[in-house]
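To start, the structure under review is shown below, and the notes come after it.
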Amino acid sequence: MLCSIIVPLYNKAAFIESTLLSVLNQTYQNFEIIVVDDGSKDDGAARVSAIDDSRIRLISQKNAGVSAARNTGIGQAKGEIVCFLDGDDYYHASYLQTVISMASRYPE
């Protein structure tokens, strides 16, 4: 089951690499990461682009707020499950495995 992780990004350059590493280091590896740069004024988008992993997509848009950034990400998501992660937060290493396990156990 593919998970789409939507990461709105607005001026979080100092944190975005750690945020993305927390996803890349998951025990469950069937995911895509969609980072939506919402008009950042720092180098966060460049830091995302520097990470060489085909599962990461960067979308840039004019600043429209975190909800609009999430909606843009949802519109591009290919996964059966959509998860959200802020640009200055992180997932515990087994987070996605737990989400998949629960979705499989309770599909309704």
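This one's a predicted model, so the numbers in the text were calculated from it and none came from an experiment. Side-chain atoms are counted along with the backbone in the values below, which use heavy atoms only and exclude waters and symmetry mates.
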Between the side chain of [X] and the main-chain N/O of [Y], is any donor-acceptor distance below 3.5 Å?
X      : Y      : value
Gln26  : Gln97  : no
Ser4   : Val82  : no
Arg47  : Ala13  : yes
Glu80  : Leu2   : yes
Ser104 : Ser101 : no
Gln76  : Ile34  : no

With a 4.5 Å cut-off on side-chain heavy-atom distances among I, L, V, M, F, W and Y, is there a chain of contacts connecting [X] to [Y]?
X     : Y     : answer
Val48 : Leu21 : yes
Val99 : Tyr28 : yes
Tyr95 : Ile81 : yes
Ile56 : Ile6  : no

Sub-4.5 Å side-chain heavy-atom contact between [X] and [Y]:
X     : Y     : answer
Leu20 : Val35 : yes
Lys12 : Asp37 : no
Asn11 : Lys41 : yes
Leu24 : Arg55 : yes
Phe84 : Ile74 : yes
Cys83 : Phe31 : no
Leu85 : Tyr91 : yes
Asp38 : Pro8  : no

* Specify the closest pair of heavy atoms between Ser94 and Thr27, including all atoms of both residues, with the distance to one decimal. => CA-OG1, 3.7 Å
* Asked: For the residue pair Glu32 and Arg57, what are the closest heavy atoms and their distance?
  ->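 Heavy-atom minimum between the residues: OE1-NH2, 2.8 Å.
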* Structure fact -> When rounded to the nearest 0.5 Å, the distance separating CD of Glu17 from CZ of Phe15 is 11.5 Å
* **CD1 on Ile33 to SG on Cys3, rounded to 0.5 Å** => 11.0 Å
* To do: Check step by step if side-chain contact (heavy atoms from CB on, under 4.5 Å) holds for Leu96 and Ile5.
  => CA-CA 10 Å; Leu96 291 180; Ile5 295 95; 3.9 Å; yes
* Asked: Where do Val66 and Tyr10 land on the side-chain contact (heavy atoms from CB on, under 4.5 Å) test, with the steps shown first?
  -> CA-CA 8 Å; Val66 67; Tyr10 183 73; over 6 Å; no
* To do: Applying side-chain contact (heavy atoms from CB on, under 4.5 Å), run through Val7 and Ile16 and close with a yes or a no.
  => CA-CA 9 Å; Val7 182; Ile16 192 63; 3.9 Å; yes
